[in-house]
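For the single chain, residues carry numbers from 1 onward in sequence order. What you see is a predicted model, and the numbers here were worked out from it, not measured in a lab.
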Amino acid sequence: MPDGEGGLQAPHVDVSVFARGLLDRVVTRVYFADDDLGTDPVLVGLSPEQRATLVAQPTDDGYRLDIHLQGDSETVFFAV
């Protein structure tokens, strides 16, 4: 997927999270661990700890990514 600046973004899924107690949705992305993520412009700007909150890991029946709304493992959310 083009990044708008001549590069490419890694394959990802945009996700909106709605929950009781949230006045507005929060938006994040899900990347897949077995894709080439090294040059994605969004991921390059994040620390390794932050990147890990966006990368789904393969399991026996698909992928798994836990989304955390707060705390030490809080998922990276984007202003849209």
ILVMFWY cluster, [X] and [Y] together (side-chain gap under 4.5 Å):
X: Leu43; Y: Phe78; value: yes
X: Phe32; Y: Leu65; value: yes
X: Val44; Y: Val30; value: no
X: Leu22; Y: Phe77; value: yes
X: Val42; Y: Val27; value: no

Next on the checklist: Counting neighbours of CG on Asp24 that are heavy atoms of other residues, nucleotides or ligands and sit closer than 6.0 Å, is the number greater than 12?
Outcome noted: no
Would you confirm whether [X], through its side chain, and [Y], through its main-chain N or O, come within 3.5 Å as a donor-acceptor pair?
X: Asp14; Y: Arg29; result: no
X: Thr28; Y: Val15; result: no
X: Arg51; Y: Leu46; result: yes
X: Asp35; Y: Leu37; result: no

Item to check | ILVMFWY cluster membership beyond Leu23 - transitive side-chain contacts under 4.5 angstrom | outcome: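 For Leu23, no cluster forms, as it stays isolated from other hydrophobic side chains.
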Item to check | Exercise: identify the closest heavy-atom pair between Ser73 and His68 | outcome: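 The answer is O-CB, 3.4 Å.
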Checklist entry - Of the non-hydrogen atoms in Leu69 and Ala19, which two are nearest, and what is the gap between them? => result CD1-CB, 4.4 Å
Item to check | Polar side chain donor-acceptor pair, Thr59 to Arg64, under 3.5 angstrom | outcome: no
Checklist entry - Going by the angle between their ring planes, with limits at 30° and 60°, are Tyr31 and His12 parallel, tilted or perpendicular? => result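 Correct class here is tilted.
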